[in-house]
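Below, all heavy atoms of this structure are taken into account, side chains as well, without hydrogens, waters or symmetry copies. By convention in this document, chain letters (A, B, ...) are assigned in the order of the sequence lines, proteins followed by strands, and residues within each chain are numbered from 1. The structure presented is a predicted model; accordingly, all values stated were derived computationally and were not measured.
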Amino acid sequence: MMIENENLTDSAENGANYDVLVIGGGIAGEEASLNLANMGYQVLLVEKDLSLGGKMIHLSKVFPTLDCAACITTPKVSETMRHPNIKILTNSVVEDIEKNGNGSFTAKVVKKPRYVIEENCTGCQECEDKCPVVVEDQYQYGLVGRKAVYVPFSIASPRIVAIDIENCILCGLCEKVCPADAIDFTQEIEEIPVKVNSVILATGFNLFEPEVITRYGYGKFKNVVTSMQMERQLVPTRPYNGVLRPKDGKMPDNIAYVLCTGSRDHTVGNPICSQVCCMYSIKQAQLLLGALPMADVTIYYLHIRAFGKGFCEFYQQGIGMGVEFVKGKVGRIHEKEDGNLILRYEDIEEGVVKEAEHDLVVLSVGLLANPETKGMFSNDSLALDAFDYVKQVDELINPAKTSIDGVFVAGAASGPMDIPDSILSAGAASSETASYIRRYHEK
Amino acid sequence: MMDTVKENSQPKILVFSTEKISDPAIDLAGLLKMHYPPTVFTISLPCSSAIKSRWILHAFDKGFDGVFIAADGTDCTYGESCIELTSQVVSRTQDMMREKGLDPARLKMAAICSVCAEPFVNHMINFTEALSKSD
Amino acid sequence: MSEKKRKTIDYIKEKRVVSEEVKEKRKEFVRLKKLILKVLESGDKTIPEIADETKLPLPVVTYTLMTLRKFGDVETGEIDDDDEFFYYKLKTKK
Amino acid sequence: MRNKIGVYICQCGSNISDYVDVEKVKEIASQQEGVSLAKITMFACADSAQKEMVEDIQQNNLDAIVVASCSPQLHVPTFRGVAQRAGLNPYNYVQVNIREQGSWAHSDNPKQATEKAVRSVNAGIARVSHSEALVTIKISALNTVTVIGAGISGMRSAVELADMGTFVHLIEREHFVGGRVSQWGDLFTTHESGEEVVTRLFEEVLKHDKIKLYTGAELLSYSGSVGDMKLQVKLTPRYVKEVCNIENLDKAIEVCPVEVPDEFDFFLTKRKAIYKNFESEFPKMPAIDKANCTFCGECQKVCPDIDLKQKEQIIDIQSGAILLCSGFDPYEPKDGEYGYKTIDNVVTLQQFKRLVELNDDKLIYNGKPIKNVAYIYCVGSRQINGDNKYCSRYCCTSAIHTAINIKEKYGDIQNYHVNRGIRTYGKQELLYEQSSIQGDIYLQFYEDSDAVVEKEGDKTVIRVEDFLTAGKEIDIYPDLVVLVTGMERRKDTSIGDILKVPVGRDRFYNEIHPKLRPVETVIDGIFIAGACQGPKNITEAMKSSLSAAAKANSLLTKGEIELEPTLATINPNACEWCDKCLAACPYNAIEKIEHSGKYIAVVVEAKCKGCGMCAPVCPVDAIEIIGFTNVEIETMIEAMAE
């Protein structure tokens, strides 16, 4: 798809194409884009994924209010999609951001081919039905398969298909059956140079990948899953017909959570606390007790960080519902023949090593910095903190300010953050950006 | 179960849904090609607490067998009082139904969140079944 | 609608080669699919029962079966008496 | 009634037409009353189809259109746009969903899917025939915000708002700005001091000609609604002239005979009735504390700049929105709670931090050198018996940070942390690690138990059942016990009472939604930021202040606020004022007025959101929601029931 030329010229002050380049279309990027667009600024929002919504759109319910994540994200997503002052490029990345003398920036947006004409596709999925290729569905975190031509997930925005060319066998069936002539294999990578007056980094976080901790057997023992895989199992658009063990489809009745997997752990290079794992685990535990009324849920923790508004009460609610909390550090996990798992852990209260059997283990994985953020800038010009998050150079007074004046940070790109904090941080970034634009580019 | 009911005698259900919360769930059911009886019709409102008793009674009057309120529940964007006010609408209307000799079980309510496609479909199948039994 | 009419698949076929691995993966899924659907022809079964009959590893059966369920070949039946395993059955297509 | 209606049935490629007999739907639709044209289209949303609709509307003078296609969630704005381009009112358009709730949901039964589509389209036609041409309501808005509270949150919001072009009235109850943070010393994570942070912000405030600061200012009353809010504010005199000689004022402080405990130092020190806090505080001149001054006139004798005749003033302030940054109070332990005020060496964290600020070389309290400090956590937070069930969020980090500081500052100190589970979330975890490495000792009491502070001879002892050693009882004999007190909502609730801002279970001001709208309240145009919404550290308070600034600015910056016209309306003839609608309305958008000799309810358009909660509760059915009127809904029901 081509960018219309009219959008590329003179839509913002100072001869720039846009007032703001927002990188990342998760909840923080959307919030920042909407704030600025509502102030009348022209925003270019670039998202590397096929859909807006970031990580949040994949969550089940969210703590501590237990409202459904989709119910909160999708209205924000559609408001963003429709806003006349926001131009969105999905499946695109940003490179070579460079600051100009007059306070503006140039950058290159690389739009990867979707092999689908976005405005033609109606999301009818006839092609998906016919596609003969099945590969692991990354949006269900590998628990089921998807086709090579596919709608990313049912509440994706835009809700249109994309072709995974790496796994396509080039049979051409999709093109043959498409009623809207939307398939286009001639699409190529497009490089779009843009000039903008400011930049917001809303590039989010990565999830810790627990294969590194071999003692826990993730990958080898199929009934050891990550919290994100459990999150998917708890969503109405879940991969299975209920909460089931990935190994054999058995309904679990004794589930363990291992907190601080990949957080507060020097051995994996991440000594800080991820801020959200305690709470999302307590939330999942409560949802599991609802979905599996006969099940036991045990949370192995070091400290319960229930610090936010309503969190402590939510933690007490979990205790009240019968979630068991064990202060203990899990050392190693073994698999039994029947797929059950033996956890060896140090019981901190009694100071002894114990063993416990569970039939499903959830690793509450932590948050890590997104390593791609720094690479978007020419000459290594963006400063990072000790954990590779975007450095906040004036954290107390200007929390969105980065080492480059005119580049601001929103959401978990600057450190682990829950959803309310990400929204507030995005609000801060939009204010600081608006002031910057006024200071340098208006009048 | 559905096949045993003759097409023209299938009970008719009017669903009051909400634009931001339950309507997306009903759409999602269609998207996922989940089937529910085609005798289910939907009218969408801003919030489930805005439904008037007279509309519900009008629906029964005109030949609907059941009315289902796909309520916002705790996800309501207009505030927490939605739950209580919607329940009040239901209980007030059920009182009126009793006075008119209508079985109050013909009015049902459940909270449907924006991705609750499967629960919605199950509600429609079960409600249809219950209504055809009671006839 | 756009003016595009020519089949564009020919264009990309000249430029791309499909890897053997991708072809293999597709064949393997077709094989698994056939095996599982065949076993279900004789009646509703749980995942361990399917694994038993097909001699396939359990996680492979779970993954493949759930994918077939997602694409509408298989549907969920009742749960067994111990409330542990669901039965799965072929979806009756109209 | 509309009687020149155009109806478009979309095939959506074959997504709809594979299961729904679109010909039949079109045929029946064309026979409906008021329909002047009905068409089938391949893709209604395609550009060519949209152009055709515009032509149809213009050539045939259509007065309404119905598009039967996919979910209204997807294309209502698209077809409203079509209507608008053709010169038709966008509200004379109805979209009927025959895809998600038609062909797809009932692809197993094409015959009945068609039946349902026929009735749904007829219902859409019935609805559109009763639709009204509506115009967006516009109310003018003053691009001015009143920020209440000149702590760091209030000052930060004010500066940002002014930077973005919004005028700010910044009102502060005290005679000095800076709030709680001015009392803090060294801060995590930047090692700036509270004084430095306040000074930086205050200098920004001073620079701006778009900020008007009022100190000694107290909110008296409030009226109006978003865009046009009126506040009445009382200004208490500081009895010091605006231009004055600092040296003379210092002399005045010296001669003042009245001494009272200094709340700035949490009563560790004393001050005079004429006083100042720290050098850089605004204005760089003292104020006279009216409550304690005896008006003896001694100060006036040495300083001509003092004017004890200054009078109270009441002023009116007008603004488009209000931002509440009224902060928190530190929890004040009850007498005897962990020995507070009953045992001599028990202080709060706030007092301890001031003590550290006031003691440069040696840590001395009550004349005794301090070597062992024990901190008891969660005082006033996570209470087992008290009302405060919440976690105060900042205190673990603050206490540990202080423990590290005093070890760095005074050297030979042993810290004991008697806690209920340390919550140094995120990067603050490193402080916890650092304090463990420096040799601090952590003891954890059980969730449901408590530490006990007692006097044992001339020593103070803390007894704790230590969770970390399987419940063994451990006794600590510290030189000083520091109660790590949390945050509470302000005891003085007058501002919230005047503005009617709702509070949550924790008694802090409540946002509409913690995720969607964390700085907005149910009252349009009233925002909350900083610790008045809930416990926060400085960075978090700054983020919420800046967020609120962004929201307020985007609301007001255009000079007018656009509202959807789909609001509630009340029929004045039918209404017999009973206040049921007022009670049901979550937005306080109903007002009682006199009309033709009786009292009736009217909807305040600027506050109404069109949710409709008021409509069903009206005993005389006087309330309708525009776009969802009785006639619209009931004719739809009839069409569907046929």
Side-chain angles (χ1 to χ4, degrees), chain A residues 113 115 117 119-120 128-129 131-137 140 142-148 163-176 179-188 221-223 237-242 244-253 292 294 338-339 359, chain C residues 1-30 32-33 45-52 57-72 74-80 82-88:
Chain A
Y115 301 105
I117 302 168
E119 55 269 46
N120 284 10
E128 191 170 344
D129 199 35
C131 177
V133 179
V134 172
V135 292
E136 275 185 15
D137 183 351
Q140 298 284 16
L143 293 174
V144 283
R146 62 149 169 86
K147 298 295 183 71
I163 291 172
D164 167 7
I165 203 74
E166 295 303 321
N167 286 300
C168 174
I169 57 164
L170 308 182
C171 68
L173 262 178
C174 48
E175 190 171 19
K176 209 178 280 173
D181 277 342
I183 306 289
D184 182 3
F185 283 104
T186 67
Q187 286 182 353
E188 309 272 359
F221 309 144
K222 294 289 174 196
N223 292 336
T237 52
R238 59 201 171 202
Y240 304 160
N241 51 297
L244 300 174
R245 304 207 302 185
K247 180 160 187 170
D248 52 10
K250 179 178 170 277
M251 206 153 76
D253 58 19
L292 309 166
M294 304 305 288
D338 62 2
D359 60 0
Chain C
M1 283 302 89
S2 76
E3 57 291 334
K4 178 183 81 77
K5 277 289 164 271
R6 202 179 74 88
K7 291 295 170 204
T8 61
I9 188 71
D10 303 328
Y11 173 86
I12 198 163
K13 270 185 177 167
E14 285 167 22
K15 298 183 64 177
R16 271 194 78 89
V17 186
V18 180
S19 75
E20 285 309 311
E21 194 195 334
V22 167
K23 288 184 194 161
E24 251 338 287
K25 255 199 269 179
R26 189 209 152 194
K27 272 191 210 150
E28 175 65 3
F29 188 81
V30 173
L32 299 172
K33 176 177 172 176
K45 300 212 163 61
T46 65
I47 288 172
E49 286 169 359
I50 299 169
D52 229 28
L58 275 166
V60 173
V61 175
T62 309
Y63 173 81
T64 313
L65 184 89
M66 289 304 167
T67 305
L68 294 173
R69 184 183 159 276
K70 174 176 166 183
F71 292 120
V74 169
E75 61 186 343
T76 314
E78 302 295 313
I79 194 163
D80 68 8
D82 297 334
D83 274 353
E84 284 190 336
F85 294 98
F86 283 92
Y87 287 96
Y88 296 91

Subject >> A:E175 side chain to C:I9 backbone, donor-acceptor under 3.5 Å >> reply: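 Looks like yes, one N/O pair under 3.5 Å.
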
**OP:** Spell out, as yes or no, whether a donor-acceptor pair under 3.5 Å connects the side chain of C:T67 to the backbone of A:V144.
**Re:**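 Not a single qualifying donor-acceptor pair exists.
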
Original post:
Below 4.5 Å, heavy atoms only, C-beta onward: do A:F185 and C:K7 meet side chain to side chain?
Top reply: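 No, too far: nothing below the 4.5 Å cut-off.
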
Original post:
Given side chains that start at C-beta, do those of A:D248 and C:F85 come closer than 4.5 Å, heavy atoms only?
Top reply: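 Touching, per the 4.5 Å side-chain cut-off.
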
Heavy-atom pair count under 4.5 Å with chain C, highest-scoring of [options]:
| options | result |
| --- | --- |
| A:K147, A:K222, A:E128 | A:K147 |
| A:D129, A:V135, A:I165 | A:I165 |
| A:Q140, A:E136, A:R245 | A:E136 |
| A:P252, A:C171, A:G242, A:G249 | A:G249 |

Original post:
Are A:K247 and C:Y63 in a cation-pi contact, defined as NZ or CZ under 6.0 Å from the six-membered ring centre and within 45° of the axis?
Top reply: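 Judged by the rule (NZ or CZ under 6.0 Å from the ring centre, within 45° of its axis), A:K247 is not positioned above C:Y63.
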
Original post:
Which bit of A:P132 is near chain C, if near means a heavy-atom gap under 4.5 Å: side chain, backbone, both or neither?
Top reply: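 Backbone plus side chain of A:P132, per the 4.5 Å heavy-atom cut-off to chain C.
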
**OP:** With a 4.5 angstrom heavy-atom cut-off, could you sort out which part of A:L143 is near chain C: side chain, backbone, both or neither?
**Re:**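 Looking at A:L143, just its backbone touches chain C.
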
Original post:
With respect to chain A, which residue among C:R69, C:E28, C:K23 yields the maximal number of heavy-atom pairs within a distance under 4.5 Å?
Top reply: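 Most heavy-atom pairs under 4.5 Å with chain A: C:R69.
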
Subject >> Top contributor to chain A interface from C:V22, C:T62, C:V30 [non-hydrogen pairs under 4.5 Å] >> reply: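 Looking at each option in turn, the highest pair count goes to C:T62.
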
